[in-house]
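Notes follow once the structure below has been shown.
Lettering of chains follows the sequences in order, A, B, ..., and the numbering in each one begins at 1. None of the values given here were measured: they were computed from a predicted structure.
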Amino acid sequence: MSPTVVLTITVGGLIAVGVYLLSSRHLSRVVLGIVVASNGVNLLLVSAAGPAGPAPVLGAGGEVSEETLPGAADPLPQAFVLTAIVITFAVTAFGLALAYRLSRLDGDDVVRDADEHLRTRGETAEEHREDEQDGPAGPTGASRRGAPHGEGAS
Amino acid sequence: MRVLVPLPVLLCLVGCAVTLVLGHRPRAQRLVTTAVLTGVVAAAAALLVLAVTEGPQQVTVGGWPAGVGIGLVADRLSTLVLLTSTVVALAVMVFSTGQGRTGDDASAPVSIYHPTYLALTAGMCIAFLAADLFNLYVGFEVLLTASYVLLSLGGTSTRIRASATYVVVSLTSSLLFLTAVGLVYAATGTVAMADLPGRIAALPAPVATALQLVLLVAFGIKAAAFPLSGWLPDSYPAAAAPVAAVFAGLLTKVGVYAVIRTHDLLFGAGTLRVPLMAVALATLVVGILGALVQDDLRRLLSFTLVSHIGYMLFGVALGTTAGVAAAVFYAVHHILVQTALFLVVGLLEHRTGTTSLRRLGGLAAAAPGTAVLFLLPALNLAGIPPFSGFLGKLALLRAGAADGGWDAWTLVAGAVLTSLLTLYAVARVWSAAFWNGGSAVREGASPAAPRPAHRAMTAATAAVVVLVTGLSLAGGPLLSLARTAAQDTSDARRYQVVVGGVDDGRGAP
């Protein structure tokens, strides 16, 4: 099989965008990242099927094979993609519900460190938030605007 | 008897639908769920007997030709793990019905608990019985989507935060897994596990290694192997007690099962040996060091859970039949022992209202029964003879010593060290929560009065403890069963013979 360059670049681009969004602390951005990256992976599955061709429809006579229908598209990856789309739909809905619930509870959809996690490090949640606010303006300001940042990834 | 193969999945899904309809009748829901899970356990037991006496059972659902339809295979490995997991699922369900009747977690939307729980079990059954990679992916997704709902039940701030971590990490691993499926299909033209070994062997070595690495990273996140394990202790402790127990027992082990199933079969025994050994060692040591500093009981257990995943990875990394057999045995032991411990912690929390070691104390006098229920699996976890944890570790150490490489000996040393540190960790729990202090809850604890546990909760916990303790008696037969199961997976030709290779050249690259 020979994947097309356009598809391959699109797959790479979509996954790159998705991964960038995934690194955010804002849950709604993360969900969007999942959606974009999933579409990238779905396209990857499509391109794994090889070049496009006539629909592999079962004829009146019998089986589809290379002889009866030369160059027919491979149906299996398309079935995979359909399944994957349904699954992505379900988890996207759940992710959005989670982000909504988080924003109702906290006022925003930022995922914060677990209190127990901080306690093990010898800080309290309040101290941690103060630290975040007292920190250098650059990364903290960026985090308030919702850009991805590496702090707290430990 | 091939009709039995899809039965565990079907029963769970039908039960899921029925309990969803019965949303406003909790008694009927409890009855249906318990009946369905009992049926699933019976089906899994029958499948195990069939797999041992008559060989693996294979079904392609819907009468499609093999390779196109959904293939399910019940061989010794899958049915052994399936039976253990469904027994655990049933026990935890009994525990949670007991807890439900005492009025605990009254704020939780109970009406969706039972359907979701059955969907989780269905996903688990699909994953264990899957005969191709894509089906395995679907099983994982059903399982994980149900687990997202279960973890966030109630929607309190702690659980939502924990779910956010858990969901994002799981979704990332699922994306990687789906990518791996796409890449495997692109490279080989099939995802059926019976066809893949030959096709992958024909690939250039770097391509095969790349495919293996993508799969391993995806499974590694699900199994919580060390560099990819940070999510687990942050999410499991937030869940409701029965949910945490079923997660601890089952979810990571599905990842471990996927590693055991695919590693030797698809890529050949002993591939990526040193990297896997390094990951296993890091998981063992870092996990248990994390457990030593924890104050919250469930967090502490979560760290031991991560740590002991390293034992199973060690067995797989060895690549010998003895190693894989020990890993399978250890997986069975680990499913039961972790569930038992999390259930006991559920009992403690129900009684005292806290899981903090700083607050607990004097429970050995206040609740001697629960203390015994904790002590048995705790010693088992640490690997004290004659418990099954000792037998599993011994089998692993012997497999490592028989291998004799420098890396295997390093792992043997790491495994012994981890066992000792585990003993230290559980001894610390014992002295802090059970011996120390005079009252069941020390000062500063929440004012919740001690509540007696429902007898179903105690009975379910006791049943799992008895099972995991009884594993010691069945150690010999179980280990020989694990050995034959390991042979099925490690030898690709054998798997193709037993499963019936479906390779007719269709869809070749």
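Leu98(A) and Ser152(B) get closest at one heavy-atom pair: CD1-CB, 4.3 Å. Contact detail for Leu105(A) and Ser157(B): the closest heavy-atom pair is CD1-CA, 3.7 Å. Considering every non-hydrogen atom in both Ala186(B) and Ala48(A), the closest pair reads CB-CB, 3.6 Å.
The parts of Thr179(B) that come within reach of chain A are both its backbone and its side chain, each placing non-hydrogen atoms under 4.5 angstrom from that chain.
Put simply, the side chain of Leu44(A) reaches to within 4.5 Å of the side chain of Leu183(B), judged on heavy atoms. In this structure, the side chains of Tyr185(B) and Leu45(A) stay at 4.5 Å or more apart for every pair of heavy atoms. At least one side-chain heavy atom of Leu27(A) sits less than 4.5 Å from a side-chain heavy atom of Val168(B). Side-chain atoms of Leu178(B) and Asn42(A), non-hydrogen and from C-beta on, do get closer than 4.5 Å to each other.
The distance from atom CD of Glu141(B) to atom OG1 of Thr83(A), rounded to the nearest 0.5 Å, is 11.0 Å. One finds the OG1 atom of Thr88(A) at 9.0 Å from the CG atom of Leu171(B) (value rounded to the nearest 0.5 Å). The line from OG1 of Thr156(B) to CZ of Arg101(A) is 8.0 Å long, rounded to the nearest 0.5 Å. Put simply, CD1 on Ile34(A) and OG on Ser170(B) are 9.5 Å apart, with the number rounded to the nearest 0.5 Å. The distance from atom CG of Leu76(A) to atom CZ of Phe134(B), rounded to the nearest 0.5 Å, is 9.0 Å.
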* Asked: Are Phe94(A) and Val149(B) close enough, and set up right, to give a side chain to side chain contact (heavy atoms under 4.5 Å, CB included), and what steps lead you there?
  -> CA-CA 8 Å; Phe94(A) 185 81; Val149(B) 178; 3.8 Å; yes

* Asked: Should Phe80(A) and Val191(B) be marked as a side chain to side chain contact (heavy atoms under 4.5 Å, CB included) after you check the CA-CA gap, both sets of side-chain angles, and the distance that decides it?
  -> CA-CA 11 Å; Phe80(A) 293 170; Val191(B) 286; 3.6 Å; yes

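Contact count against chain B (heavy-atom pairs under 4.5 Å) is highest for Val91(A) among Val46(A), Val91(A), Asp106(A). Note on Ala84(A), Pro77(A), Ala90(A): by heavy-atom pairs under 4.5 Å with chain B, the leading option is Pro77(A).
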